[in-house]
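Keep in mind that the numbers below use all heavy atoms, side chains included, and drop hydrogens, waters and symmetry copies. Below, chains carry the letters A, B, ... as their sequence lines are ordered, and counting in each starts from 1.
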Amino acid sequence: MSQYQAVKGTRDIFPEEAAQWKYVEGIVHSLASLYGFSEIRTPVFEYTELFQRGIGATTDIVGKEMFTFQPDPKGRSLTLRPEMTAGVMRAAIQKNLLSLAPVHKLYYISELFRKERPQAGRQRQFSQFGAELIGVSSPAAVAEVMTLMMQVFESLGLHGLKLRVNTLGDTADRLRYREALQGYFAPYHSVLDEASKERLEKNPLRILDSKNPAVQEIVAGAPKLYDYLHEVAVRDFEKVLFYLEERGIAYEIDHRLVRGLDYYCYTAFEVTSSELGAQDAIGGGGRYDGLARELGSSSEVPASGFAVGMERLLMTMEKQGLFAALNPHGPVVYVVVQSQELADNGLQVAYRLRKAGIMTDIDLAARSMKAQMREANRIRASYALFIGTTEVETGLYSLKNLVTSEQTTLSLEGVMEILREPAAKEFYKL
RNA sequence: GUGAUUGUAGCUCAGUUGGUUAGAGCGCCAGGUUGUGGCCCUGGAGGCCGGGGGUUCGAGUCCCCUCAUUCACCCCA
């Protein structure tokens, strides 16, 4: 038991797992650009007000999950970003991106921080990849970000994911619905749990996805948001569904789907994985036309986007055995010295091989020859190159193929020629 | 923030109603093979039994506190 442990809710990613991350990130980068999105990187912390305004002061994220600190007694309060959208929108407004072009398509893979109690699929530092389509607001735009997200899942080989969609209408729709909801729940006030009562006042829509069975029973008879939508919102939603169907993307309409961040309007969606346990949301998003205004933009900046939890994505992939084919490859050749007197000769040879572009490794711990061979085996080197007194004297080296156990003697130039051959490199990708 | 769970070797875990020098498998190191890996055999290193206090002749084992872990609530990706 070491004295220092990783901070609660954080963890280390070691090489084997890092390879999985690199693989997934690679797919994200290539599909995002396939869809015309460019990468954006924003600061890890922002002024606290940004999140209070952007996400909503009554949300749990802002109310009790932020890592907030004061840089100095006079400084403004700062917060480690708990999500990306507010920061990306802030950057877009600050740079006045929309004056350069009417539409901007941005994506990111970033670390986020939320002060929650850790559990399966939930850490205090976690990462998301996501995309934001800024400048247009249309069913086609929402459908585009949804399609990108679903194609990432598909390309990674994920199966059994469930996409649920809903529409939240516009602000006026929600205001009318909100009143109707409060009216409906008023008689049940004494039956509701504390959390639900609080929601009813601050953010009545959230009561819809309460997990409390007693509350759900009452919710079943509640008025439907869908019935309070104006016609434009209904049309909008139907068009989004049309695009999904046209692209063969399976979905489920869930009128009780309410997202936890205040800035969503019209289409909202969420993807869940049955492999994940309690924290089963792997991704989600929607349209957020009102966010820019909330952040002080002088003009309307309609937008939509999504975010996917990287850890949850990786977890699901692991459960579905999607990393089985991912074979981290070792060096092509491992240089083995007969005795430590020849260590420097070995290092020189290794250097020359590396300069020649051949993946090479060598023991640095003055270990026995047997240990060196074991190491070569452990890291899956395909060849071992022996350096002994004979080799140093004659300049001819013994190269052993560790798979076939064949061994040949040749000059260093000859060795390089063999190791540079595609066949030698290909071996690793098996 | 609330509830439950688990802390014993680098890792995964045994450890009986409290009883003397705390074990296994894997991994690591060395030897068997004085210039050759994987398999096998032999040996070795490695433990404040999470930390503190208490009960007892005696605590890894019982009690209290504390720290950490994990899962769930909550919330969300």
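With A:His104 contributing its side chain and A:Leu97 its backbone, the two residues share a donor-acceptor pair below 3.5 Å. Between the side chain of A:Arg53 and the main chain of A:Leu291, no donor-acceptor pair closer than 3.5 Å is present.
If you take atom C1' in B:G10 and the same atom in B:U66, they sit 27 Å apart, rounded to whole Å. B:A24 and B:U70: their P atoms are spaced 29 Å apart (whole Å). Using atom P as the reference point in both B:C40 and B:U21, the two lie 35 Å apart (nearest Å). Comparing the C1' positions of B:C62 and B:G23 gives an interatomic distance of 23 Å, to the nearest angstrom. Look at the C1' atom in both B:G15 and B:A22: the space between them is 8 Å, to the nearest Å. Between B:C49 and B:G60, the distance separating the two P atoms is 8 Å to the nearest Å. Rounded to a whole angstrom, the distance from the P atom of B:U55 to that of B:A59 is 11 Å. For the C1' atoms, the distance linking B:G50 with B:C74 amounts to 29 Å, nearest Å.
Below the 3.5 angstrom threshold, one finds no donor paired with an acceptor across the side chain of A:Gln372 and the base of B:G35. Judged by atom type and distance alone, A:Glu116 does not reach the base of B:C73 through any side-chain donor-acceptor pair under 3.5 Å. A donor-acceptor contact under 3.5 Å links the side chain of A:Gln407 to the base of B:U36. The base of B:G3 is paired with the side chain of A:Arg117 by a donor and an acceptor separated by under 3.5 Å.
Base pairing in RNA chain B yields stems of at least 3 consecutive Watson-Crick or G-U pairs, both distances under 3.5 Å, namely B:1-4 with B:70-73, B:10-13 with B:23-26, B:28-32 with B:40-44, B:50-54 with B:62-66.
Going from atom CZ of A:Phe113 over to atom P of B:A77 covers 17 Å, rounded to whole Å. Counting to the nearest Å, the P atom of B:G35 and the CD atom of A:Glu341 are 11 Å from each other. As rounded to whole Å, 20 Å separates atom P of B:G27 from atom CZ of A:Phe14. Rounded to an integer number of Å, the gap from A:Asp280 CG to B:A72 C1' is 13 Å. The CD atom of A:Gln338 sits 11 Å away from the C1' atom of B:U36 (whole-angstrom rounding). Following rounding to the nearest Å, A:Arg124 (CZ) and B:U70 (P) show an atom-to-atom distance of 11 Å. In this structure, CD of A:Gln340 is placed 14 Å from C1' of B:G35, rounded to the nearest angstrom. Atoms CD (A:Gln123) and P (B:C71) sit 10 Å apart, rounded to a whole Å.
Only one option out of A:Gln128, A:Glu132, A:Arg90 pairs with A:Thr85 in a side-chain hydrogen bond (donor to acceptor under 3.5 Å, both in side chains); it is A:Glu132.
For A:Arg378, the listed nucleotide lying nearest its side chain is B:C28; candidates were B:C28, B:G35, B:A77. With distances taken from any side-chain atom of A:Ser368 to the nucleotides B:C73, B:G31, B:G35, the minimum falls on B:G31. Among the nucleotides B:G35, B:U69, B:A77, the one closest to any side-chain atom of A:Arg114 is B:A77. When each of B:A68, B:C74, B:G35 is scored by its nearest atom to the side-chain atoms of A:Gln5, the top-ranked nucleotide is B:A68.
Under 4.0 angstrom from either OP1 or OP2 of B:A77 there lies no side-chain N or O belonging to A:Gln128. Here A:Gln119 reaches the OP1 or OP2 of B:A72: one of its side-chain N or O atoms lies under 4.0 Å away.
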Please produce a list of atom pairs where a protein N or O lies less than 3.5 Å from an N or O of nucleotides 37-43 of chain B.
residue: B:G37; atom: N7; partner: A:Lys400; partner atom: NZ; Å: 3.3
residue: B:G37; atom: O6; partner: A:Ser405; partner atom: OG; Å: 2.3
residue: B:G37; atom: N1; partner: A:Leu402; partner atom: O; Å: 2.6
residue: B:G37; atom: N2; partner: A:Asn377; partner atom: OD1; Å: 2.7
residue: B:G37; atom: N2; partner: A:Leu402; partner atom: O; Å: 2.6
residue: B:G37; atom: N3; partner: A:Asn377; partner atom: OD1; Å: 2.7
residue: B:G38; atom: O4'; partner: A:Asn377; partner atom: ND2; Å: 3.0
residue: B:G38; atom: O6; partner: A:Ser405; partner atom: OG; Å: 3.0

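Remark on RNA chain B: of its neighbouring residues A:Lys64 and A:Ala307, the 5'-side contact belongs to A:Lys64, judged by nearest-heavy-atom nucleotide. Closest-nucleotide positions on RNA chain B for A:Leu276 and A:Arg312 were compared, and the one nearer the 5' end corresponds to A:Leu276.
The residue A:Gly285 sits apart from the nucleic acid: no heavy atom pair falls under 4.0 Å. Counting non-hydrogen atoms under 4.0 angstrom, A:Phe126 reaches a base of the nucleic acid. Among the atoms of the strands shown, only primed sugar atoms or phosphate atoms (P, OP1, OP2) are found under 4.0 Å from some heavy atom of A:Ala371. Among the protein residues, A:Arg122 comes within range of the nucleic acid bases, having at least one heavy atom under 4.0 Å from a base atom.
The six-membered or imidazole ring of A:Tyr47 lies away from that of A:Phe51, with a centre-to-centre distance of 6.0 Å or more. Between A:Tyr107 and A:Phe37, the ring centre distance reaches or exceeds 6.0 Å.
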Side chain to side chain contact (heavy atoms under 4.5 Å, CB included) assessment of A:Phe153 paired with A:Leu313
CA-CA 9 Å; A:Phe153 295 147; A:Leu313 178 63; 3.7 Å; yes
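Side chains of A:Glu144 and A:Tyr243: a donor-acceptor N/O pair is absent below 3.5 angstrom, by distance only. A side-chain donor-acceptor contact under 3.5 Å links A:Asp289 and A:Ser137. Between the side chains of A:Ser398 and A:Glu391, at least one donor N or O lies within less than 3.5 Å of an accepting N or O. No hydrogens or angles considered: nothing links the side chains of A:Arg354 and A:Thr360 as a donor-acceptor pair under 3.5 Å. Between the side chains of A:Thr267 and A:Thr167, no donor N or O sits under 3.5 Å from an acceptor N or O. Using a 3.5 Å distance cut-off with no hydrogens or angles, the side chains of A:Ser273 and A:Glu275 do not pair a donor with an acceptor.
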